[in-house]
Amino acid sequence: MKPRLIVSHNIAPDVVARVHAEFDCPYEGQKMTADEAVAAVRAHRADALLITHHTRFGAAHIGAFPDHLKVLATHSVGTDHIDIAACQARGLMVTNTPDVVTECTADLTLMLMLNAFRRGAEYDAVMRKGWRTAYGMGEFMGRRMNGATLGILGMGRIGRAVARRARGFGMRILYCNSRRLAPELEQGAEYFAEFGAMLPQCDALSLHAPSGPVTNGIMNADTFGRLKPGAVFVNAARGALVDEDALIAALQSRQLFAAGLDVYRREPDFDLRFAALPNVFLVPHMGSSSVETRTAMGFRALDNIASVLAGRGTLDPVW
Ligand code: DGY
């Protein structure tokens, strides 16, 4: 008898193949709501549920899971879509997929940063309209990323992977983190215990902290105002970290030269005022979206499920 699994959202083809080979799972590629996922777990008498960051599972959903559900595995490093306290209260194991997302998310961060510094969205829009007007040497200029000072909020795995890449662009690296890193992890990056003290030195700021009570709304009118005038802002972490009214105002006033965004407070129905701004490069939450990484994430989630169901515990416990 194979273990019974429900997959609530669309996953990569090689992961689907493994799901069918190793589990009893009625996967059809559907995108379930949380209510539908709870109903599917009950109907299939599932031992495990594989979810993604797209769907919120609040206390009511966690409370509605039947006792035969042993593990909730999210196909993401972020866990802000799950009420972890509710899972703890009922002893439901939760796993995520750290490590495997690091390099791709850092690659995408550099894509956001380069496009913001060098006006990628605007140049692309000009070409798609047919170009036809030559630009003078003093027109339509971007800003130089090479040699600029980059501030990183959150120097975990992804923050450090971004710093490694940014050093290749000759950038000076500053960081703010809940604790100072050992020198071998700092690699010359300068530590700031206080976020506000780092901001005035930043030509660019990139967020790599999780969403939570301390970080939510950390970017607001005050903190955007402390950045160097004409700075670049990048967010591939979570939209909840940003007051989007303040971000839009900073982009409109040119306090920010530009922004590169992968995440938003509301997804997928993000604030359409962003789409009307020329100086923002927009991506629809694709940080981990390469075939290689999405496959590795799916496999890691299945490894976690298999480990729990075999009685060996979680590989990547969230609590
Ligand atoms: C993550 O891994 O948390 C990404 O945001 C996508 O799921």
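The structure presented is a predicted model; accordingly, all values stated were derived computationally and were not measured. Order of listing sets the numbers, starting from 1, for every ligand and every atom in it.
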Report summary line: The protein heavy atom nearest to atom 2 (O) of ligand 1 is Val77 N, 2.8 Å
Requested in this report: Could you tell me the residue and atom name of the protein heavy atom closest to atom 5 (O) of ligand 1, and the distance to it rounded to 0.1 Å?
Outcome: His285 NE2, 2.7 Å
Requested in this report: Flag the pair Asp99 and Arg157 as a salt bridge only when some basic side-chain nitrogen lies within less than 4.0 angstrom of an acidic carboxylate oxygen.
Outcome: yes
Query raised in the report: If you measure only the distance, is there a donor-acceptor pair under 3.5 Å linking the side chains of Asn216 and Ser211?
Result: yes
Query raised in the report: Between Val101 and ligand 1, is there a nitrogen or oxygen pair with a distance under 3.5 Å?
Result: no
**Report entry** N or O contact, His53 vs ligand 1, cut-off under 3.5 Å
**Finding:** yes
Query raised in the report: Between Ala259 and Leu247, which heavy-atom pair has the shortest distance, and what is it?
Result: CB-CD1, 4.5 Å
Report task. Name all pairs fulfilling the salt bridge (Lys or Arg N to Asp or Glu O under 4.0 Å) condition that reach into residues 82-93, sequence neighbours left out, sorted by first residue then second. Result -> Asp67-Arg90
Report task. Select one of side chain, backbone, both or neither to describe which atoms of Arg238 lie under 4.0 Å from any atom of ligand 1, heavy atoms only. Result -> side chain
Can you list, pair by pair, the side-chain donor-acceptor contacts under 3.5 Å of residues 7-16, counting residues two or more places apart and other chains?
| unit_1 | atom_1 | unit_2 | atom_2 | d |
| --- | --- | --- | --- | --- |
| Ser8 | OG | Leu50 | O | 3.4 |

Report task. Within a distance under 4.0 Å of any heavy atom of Met297, pick out the atoms of ligand 1 and give their elements. Result -> 2 (O)
